[in-house]
Number of protein chains: 2
Amino acid sequence: MEEVNIKSLAKKLNLSISTVSRALSDSYEIGAETKQRVRQLAKELNYQPNPFASSLRKRKSNTIAVIIPEIANNFFTLVIKGIEDIAQAQEYHVLIYITHENSAREIAYCNHLLNGRVDGVLMSMSGEMDDIDHINSLIEHHVPVVFFDRICEQISTVKIITDDYESAFTGTEHLIAKGCRSIAYLGILKTHSISKNRLHGYQDAMKKNNIAIDKQHIVSCSGDIDQDYQVIKALLTSAHRPTGIFAAVEHAALVCYEVAADLGLKIPQDFKIISFSNLRTASLLNPPLSTITQPAYHIGQEAAKALFGELKNRNGIENTKITLRSSLIERESTA
Amino acid sequence: MEEVNIKSLAKKLNLSISTVSRALSDSYEIGAETKQRVRQLAKELNYQPNPFASSLRKRKSNTIAVIIPEIANNFFTLVIKGIEDIAQAQEYHVLIYITHENSAREIAYCNHLLNGRVDGVLMSMSGEMDDIDHINSLIEHHVPVVFFDRICEQISTVKIITDDYESAFTGTEHLIAKGCRSIAYLGILKTHSISKNRLHGYQDAMKKNNIAIDKQHIVSCSGDIDQDYQVIKALLTSAHRPTGIFAAVEHAALVCYEVAADLGLKIPQDFKIISFSNLRTASLLNPPLSTITQPAYHIGQEAAKALFGELKNRNGIENTKITLRSSLIERESTA
DNA sequence: CTGTTAGCGCTTTCAG
DNA sequence: CTGAAAGCGCTAACAG
C-alpha cells in the first residue's frame, strides 16, 4: 500500500504539486481538462487528503467540540443528534467531551482546546457561573463558544436556551391548580442559569399563590443515583412529605418514581409530580408523567447553526439569546 | 495574544527548538534542570502543543472514531459513555459519527477515515454483513477496527458482543412459559450478526417447543417511528394478532406500548411482551417491561480497551470474540 | 494557466 | 547533554 498523497499524484500526472492541490480544491486558475485528469486519478487511487497537514497549514480543523455534563440522558442525546446533523451537512467533525458534572474537567477540556484542535465549541456548562476564565480564554484565542441550555450570562456570545423561568412557573402553577399546597423542588442546585431560572420560576409561582415554601422542600440532587435516592427517600418519608413535586431534572423524577414504588406510595394519590424531561416513555409510565419538554433536537441544531454562522461567515459572534419554547405536556392516567 | 509555540519558548529560554521539544516530552537526554525551566515557562504561558503539527509528524492522531447507527437510544448512549471514560484515561479524543442506519453513510465515513484522522475505529455496523469492503480498506490502511454489538463475522478482529442467540432463545421461552403460543418477532431485519442471532434464537426456541411460526409474525422494523407504528398497528389489528411479542430492539417495544395504548389493548392481558432494552424506565412502565438488558457501558469499555490494547501495545489485533452476558430481567406488575 | 518555494509547528535523526 | 536541520503533507504567495 504505497502512500497516495498529493506528491505521488503529481508525479503520476506529470504536474506540479501545487497544480494538483489547486485542482483538487477547484481553484479557478486551473484548466478544466487538468482538473478532470487530477480528479479522476484521485478518485481511482482513492486519494484522501491528510487532514493534519491541511489543518496545520490552514489553521483550521473542520472540527467542533461539544462539551456536555453527561450523556446518558435523553436531552443531551437529542441535542447531539441535532448538532451532528448540522455538522454533517457542513462536513465538520464532532468531538465529544463529557465532564460528568465536574467543572474541573470542564476547565481542563477548555484549556486543552486552546491548541486549535477545534474551530469552535458548543457547550452546556457544568461549572458555576462565576467560574468562567476558561471560557474567556477560549474566546480570546478566537475559538468561538456557543452555549446551549446551561449558559453563562456573563459571557457575550450566542446562547440557545428555553423559557426555563416561565416553564417552571407554569409547571408549578399546574401542580397548584391540581390542589397541591405543599410542593417540593428537586434540582441540581448550582448557580447555573437554568438552575436559577427554574428555581425562581417555582419560587415566584409559590409566592404569587401565597404559599410559603418549606425550606426542606428545596432539595439538591447531585446526579448520582444512589445518593439522590437517599435524599429523595428522606424527603418522602419525612414529616414534611410534600403533596406535589416539581422536578427540575428528569433524573430526579425517575428517582421519585422508584422511591415511591419501593415505599408503596401512590402517584398521584400520595403526591403529584411534574418534571422537566425528554423521556420518550413519559406517557407510558405508571402513572404517566406530565413533563415540561424542551425541544432538544432543535436546540442542538440551532446551537450548531449559530456556531457555523460564525465559522463560515465570520459575521462576528453577537451576544444573542435565542429562546426556544418548552412544551408543558399534561399526561393523566387513562385508567 | 502572541503565539506561544515551541519556537517562542525556545527563544525565551535561550535554548534550541529541539531541546524544548525533548524537555516537554520528558526525554532522557535532557538535564533535569533544563527540563524544569522549560516546563515552568510552558506552564506559565499555558503552552498547548499544536496537535496537527504533532500528528502530522508522528502520524498519530490520538483520536478514535465511534461509528454508530443512531444515538437517541439508551444502549448506544451508555456505550459511548463507556468508551469516553476509557478514552479519557488514555488521553484520547473521541469523534462521533452517526449513520442513521444508512450503510452508504457508513461507507462514506470509513473511506473518509482512511486519511489518518483517527488511529482506530469502534463500530457497530449499520450495513449488511456482506458489504465489507470499506472495513477491510480501513484495516489495510492500518486503522484497527473493533466491533461491538453489531459485528461482522467475516472480518478478523476483536468483537465485543453479547449472547444474543441465547438471550433471544430464553426470552422467547420465557413468553412460552407464560402461556404464549402465538409469538411475533419484531426486529431490524438485516443480515447483521445480531439480527440473525436474535432471530435464530427466537426461531429455535419456537421449534424446540413445537410451535409453528406464522410468517406474518416476523416483522421488520425500520427504526422510523411513524413507519414502525403503522407496521405494528397492522400486526396488532390483524386476524393473526399474536399473544406474545418478542422485541429484538427497544424501539419496537415502545411502539408496541404506544400502539396498545391507542388501540385500547391491555398488556399483558391481550399480549405479553419482552424486549431487548436498556431503558432506565422499564420497571416504571405500565405495565413494567421485562427486558433482556445488555451491559452497554461495559461493552463500550471493553471495546475501547481492546482498541487501546492494539494502539498502545501493538500486540497485533486478534480475531477474538468477547461475549458479555445480557440479563433477562423479569418485571411484573405489582398491582 | 502552471510551477517554484516557503513555511504551518512539531519530532527526530545526525552531529557535536 | 544540546543544537542544526530535514521533513511530515499540504497551501498560498510569488513568479512566470
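The figures that follow rest on heavy atoms only: side chains count, while hydrogens, waters and symmetry mates do not. Chain identifiers are assigned alphabetically (A, B, ...) following the order of the sequence lines, protein sequences preceding nucleic acid strands; residue numbering begins at 1 within each chain.
- Of the possible donor and acceptor atoms, none in the side chain of Arg105(A) sits under 3.5 Å from a partner among the backbone N and O of Thr99(A).
- Rounded to an integer number of Å, the gap from CG of Leu24(B) to C1' of dG9(C) is 13 Å.
- For the pair Arg117(B) CZ and dC10(D) P, the computed distance is 13 Å after rounding to whole Å.
- Between Ile68(A) and Val66(A), the closest side-chain pair of non-hydrogen atoms falls below 4.5 Å.
- The main-chain N or O of Asp119(B) is found under 3.5 Å from a side-chain atom of Ser61(B) such that the two form a donor-acceptor pair.
- Side-chain N/O atoms of Ser21(A) include one lying less than 4.0 angstrom from OP1 or OP2 on dT11(D).
- Atom OH in Tyr28(A) sits roughly 12 Å away from atom P in dA12(D) (whole-Å rounding).
- The CD atom of Glu140(B) sits 6.0 Å away from atom CG of Asn136(B), with the distance rounded to the nearest 0.5 Å.
- Centroid-to-centroid, the aromatic rings of His93(A) and His112(B) come within less than 6.0 Å.
- Scored by the salt bridge (Lys or Arg N to Asp or Glu O under 4.0 Å) test, Glu70(A) finds no partners at all (sequence neighbours excluded).
- Taking every heavy atom of residues 39-46 of chain A and every atom of DNA chain C, no pair lies under 4.0 Å.
- No donor-acceptor pair under 3.5 Å is formed between the side chain of Asn115(A) and the backbone N or O of Pro51(B).
- As rounded to whole Å, 18 Å separates atom P of dC1(C) from atom CG of Leu13(A).
- For the side chain to side chain contact (heavy atoms under 4.5 Å, CB included) test, residues two or more places apart in sequence or in another chain that qualify with Lys35(B) are Ala23(B), Asp26(B), Ile30(B), Arg39(B).
- Tyr47(B) and Asn5(B) share no side-chain donor-acceptor pair at under 3.5 Å.
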Nucleotide N/O to protein N/O under 3.5 Å, stretch nucleotides 2-5 of chain C:
from	atom 1	to	atom 2	distance (Å)
dT2(C)	OP1	Thr34(A)	OG1	2.9
dT2(C)	OP2	Gly31(A)	N	3.1
dT2(C)	OP2	Thr34(A)	OG1	3.1
dG3(C)	OP2	Ser16(A)	N	2.9
dG3(C)	OP2	Ser16(A)	OG	3.3
dG3(C)	OP2	Thr19(A)	OG1	2.6
dG3(C)	N7	Ser18(A)	OG	3.3
dG3(C)	N7	Arg22(A)	NH2	2.7
dG3(C)	O6	Arg22(A)	NH1	2.8
dG3(C)	O6	Arg22(A)	NH2	2.6
dT4(C)	O4	Ser18(A)	OG	3.1

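- In this structure, Ser193(B) contributes its side chain and Ile151(B) its backbone to a donor-acceptor pair below 3.5 Å.
- Between Tyr47(A) and the phosphate of dG9(D), there is no side-chain N or O to OP1/OP2 separation shorter than 4.0 Å.
- The distance between atom CD1 of Ile6(A) and atom C1' of dA12(D), rounded to the nearest whole Å, is 12 Å.
- With sequence neighbours excluded, the residues forming a salt bridge (Lys or Arg N to Asp or Glu O under 4.0 Å) with Lys321(A) are Glu153(A), listed by chain and number.
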Polar atom pairs between nucleotides 6-8 of chain D and protein, under 3.5 Å, N or O only, would you list them?
from	atom 1	to	atom 2	distance (Å)
dG7(D)	N2	Arg57(B)	NH1	3.3
dC8(D)	O3'	Arg59(B)	NH2	2.5

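- Look at CG on Asp26(A): it is 14 Å from P on dA12(D), rounded to the nearest Å.
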